[in-house]
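Just below is one structure, and these are the notes that go with it.
A, B, ... follow the sequence lines: proteins, then strands. Residue 1 opens every chain.
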Amino acid sequence: MDTAAPPNFKDHLSQLMFHAVEQIRTDSGIQSGIEIVRTRQTDHGDYSCNLAMQLAKPLRKNPREIAALLIAALPPSPYLEKVEVAGAGFINFFIKTAAKQACLYNILQRSTAYGTSDYGKKREIQVEFVSANPTGPLHVGHGRGAAFGASLANVLSAAGFTVTREYYVNDAGRQMDILAVSTWLRYLELNNIHIPFPDNAYQGDYVKVMARLIYEAHADRYVHHPEKLLQGFPASTYEKAIDTDELLDRLIANARAILDQDYAYIHNFVLTEQLGDCRNDLMEFGVTFDTWFSEQSLFDNGLVAHAVRELEEKKFLYRQDGAVWFRSTEFGDEKDRVVQRENGQYTYFASDIAYHLNKFERGFETIINVWGADHHGYIPRVKAALQALALDADKLNIALVQFAVLYRNGKKASMSTRSGEFVTLRELRQEVGNDAARFFYVMRKSDQHLDFDLDLAKSQSNDNPVFYIQYAHARICSVLEQWGGDTATLTNVDTNLLANASELALLQRLIDFPDIIIAAAEEFSPHLIAFYLRELASEFHSYYNSTHFLVTNIPLMEARLVLITAIRQVLRNGLALLGVSAPEKM
RNA sequence: GUGCCCGUAGCUCAAUUGGAUAGAGCACCAGCCUUCUAAGCUGGGGGUUACAGGUUCGAUCCCUGUCGGGCACGCCA
């Protein structure tokens with residue numbers, strides 16, 4: 001067989017078509033990148049091109065006629081069996097079986113690198129995802145963003161982009177102050193000082209755990225004049241204000257004043273604790289980051305003030321009702337937005353402008369923000385700010401991820417904190433396992449609501465797509481183990497013997513893998529990988545049931561072993577993109 | 001009320017972004033294990049792509065309207 005690795009057939013055909021177009025019409029206006037698609041039916045060949053139909057109007061000619069001209073002008077190719085005009089003017093390409101068979105060695109040789117391409121030309125892409133406030137454990141909603149973002153980043157990287165994975169840490173805002181005060185109140189309780197706990201402070205048990213850690217390490221070291229905490233709030237009014245923001249803000253202000261330097265200790269302690277927990281949780285989930293970007297650093301380095309000043313100089317700010325507003329309506333937003341409050345505090349939006357300005361200054365060619373779908377209303381104002389700063393807002397892509405709804409026993413599992421049903425990502429992972437969680441989260445298009453069936457995710461049955469795919473991998477491992485040889489020795493095998501319909505279909509499926517990765521990268525759609533793997537596994541299981549591999553005819557056996565070894569490799573590589581393991585035994 | 005997203009088989013979802021006869025999995029019915037893992041396979045029925053128009057060689061996809069569902073509309077993050 002031919003030892004030279006065949007090219008990507010899509011790219012190859014696209015180039016052939018480009019040359020053909022140049023032959024028949026030099027002023028066609030077509031530069032390159034002529035679209036070639038896979039066909040759905042085998043009698044339409046392997047690949048197809050609709051260019052003739054698109055040229056029908058400008059050339060004022062019958063599309064079938066144009067197709068015939070294009071085919072006649074096509075440069076010769078060693079990989080093509082035949083080319084046909086079909087239907088309304090489709091050009092259908094049939095690839096030589098030998099050329100497809102030659103791809104098998106390419107898969108084995110490239111091993112874990114098979115499927116990767118240089119499509120992205122090493123262009124720099126940043127994917128920012130999760131970015132949950134470090135004020136408590138990650139919940140199942142964050143889980144989908146984590147799984148989606150991690151898989152997307154893997155896919156982009158495999159498609160040849162240089163990817164930076166980033167987590168934006170909201171360590172500067174009011175929410176962190178609320179957590180610090182909540183923890184201090186719990187700590188005071190451990191010191192037998194009981195102040196009614198506000199309804200809108202952090203209620204979770206993890207707050208009590210942090211309080212106990214401080215108590216055990218420092219005893220009553222941080223008990224300072226708790227009576228002053230109620231300043232401005234006599235007991236009678238306190239009870240009434242138990243669920244108001246005014247009370248919370250007063251408690252924060254008083255705690256800062258009372259604790260002074262020690263406030264920073266508690267604030268820093270709870271931040272470190274929660275961020276560490278979050279990082280461990282994600283690491284166990286197979287989700288890692290290159291950069292943990294601190295919101296506080298934007299303030300410390302003067303970047304927020306800098307960004308606001310830029311907007312000021314460009315005349316996009318004005319003062320009204322004591323606050324400073326950004327004229328985002330000039331760029332299509334529904335209303336203008338406050339960047340600095342009446343009390344002098346910058347809004348979250350202000351630091352976000354600085355953050356995005358900083359992202360652009362770091363030189364990324366594409367920036368992807370993975371956000372929960374509930375943030376969609378926030379997009380116009382961020383893009384407006386970028387435009388106001390004379391930046392190319394189209395470089396910023398927002399991937400909205402819809403919520404996941406958990407189902408147990410066919411019924412919605414409540415997600416409220418009180419119910420005791422699971423709310424945290426960690427509990428989900430413990431119940432269904434990391435593999436099922438990672439796979440189920442990306443099994444649907446990200447902008448679709450996800451019904452997460454807990455019972456299905458746990459079930460070890462053919463209904464469970466994760467096990468179905470992993471089972472295909474384990475079956476191959478089992479066959480190869482019983483064969484007993486080393487797959488690395490399968491180098492002089494006559495792959496021409498792989499000629500029946502299911503073998504040819506599997507070959508083409510394996511050849512599709514790099515194109516699937518590119519499509520998933522282009523469309524920010526890792527679910528395409530999940531669907532692809534389901535189909536590959538399905539075709540393999542069918543093949544397995546119809547064909548015996550370990551036959552006495554040695555050349556035939558070896559040819560089939562080469563094929564299933566290649567399938568195993570693609571299953572592994574695909575599962576790796578999704579962060580799912582490929583067990584050798586099940 | 002205004003804006004964004006969505007509506008595909010009984011259920012959960014695909015459909016190479018405007019292509020050829022709209023596909024899978026559950027569920028239902030009928031079959032396949034003394035042979036490499038039955039966590040598997042084979043066959044069968046199931047559709048006016050919410051509805052009504054429009055654009056063109058061609059529409060699940062684009063435009064308009066209606067109905068239905070979700071989300072967002074703060075000097076919160």
Q) How are the rings of A:Tyr346 and A:Phe299 set to each other: parallel, tilted or perpendicular (split at 30° and 60°)? A) tilted

Q. Less than 5.5 Å between centroids and less than 30° between ring planes, does A:His449 satisfy that with B:G70?
A. no

Q) Rounded to whole angstrom units, what separation is found between the OH atom of A:Tyr378 and the C1' atom of B:C76? A) 10 Å

Q.
Tell me whether the rings of A:His375 and A:Trp371 are parallel (<30°), tilted (30 to 60°) or perpendicular (>60°).
A. tilted

Q) Of A:Phe403 and A:Gly322, whose closest RNA chain B nucleotide lies nearer the 5' terminus? A) A:Phe403

Q: Can you tell me which stems RNA chain B forms, taking runs of 3 or more consecutive Watson-Crick or G-U pairs with both distances under 3.5 Å?
A: B:1-7 with B:67-73, B:10-13 with B:23-26, B:28-32 with B:40-44, B:50-54 with B:62-66

Q | Close residues, residues 512-526 of chain A, relative to RNA chain B [heavy-atom separation under 4.0 Å] | A | A:Glu523

(Q) At 4.0 Å (heavy atoms only), tell me whether A:Ser351 reaches a base, stays on the sugar-phosphate, or touches nothing. (A) nothing

Q | Basic-acidic side-chain contact under 4.0 Å: A:Asp451, A:Arg444 | A | no

Q.
Assuming nearest nucleotide by heavy-atom distance, tell me which of A:Lys585 and A:Leu528 is located more 5' along RNA chain B.
A. A:Leu528

Q: Give a yes or no on whether the ring-centroid distance for A:Tyr441 and A:Phe452 is below 6.0 angstrom.
A: yes

Q: Round to a whole Å and report the spacing from NZ of A:Lys445 to P of B:G70.
A: 20 Å

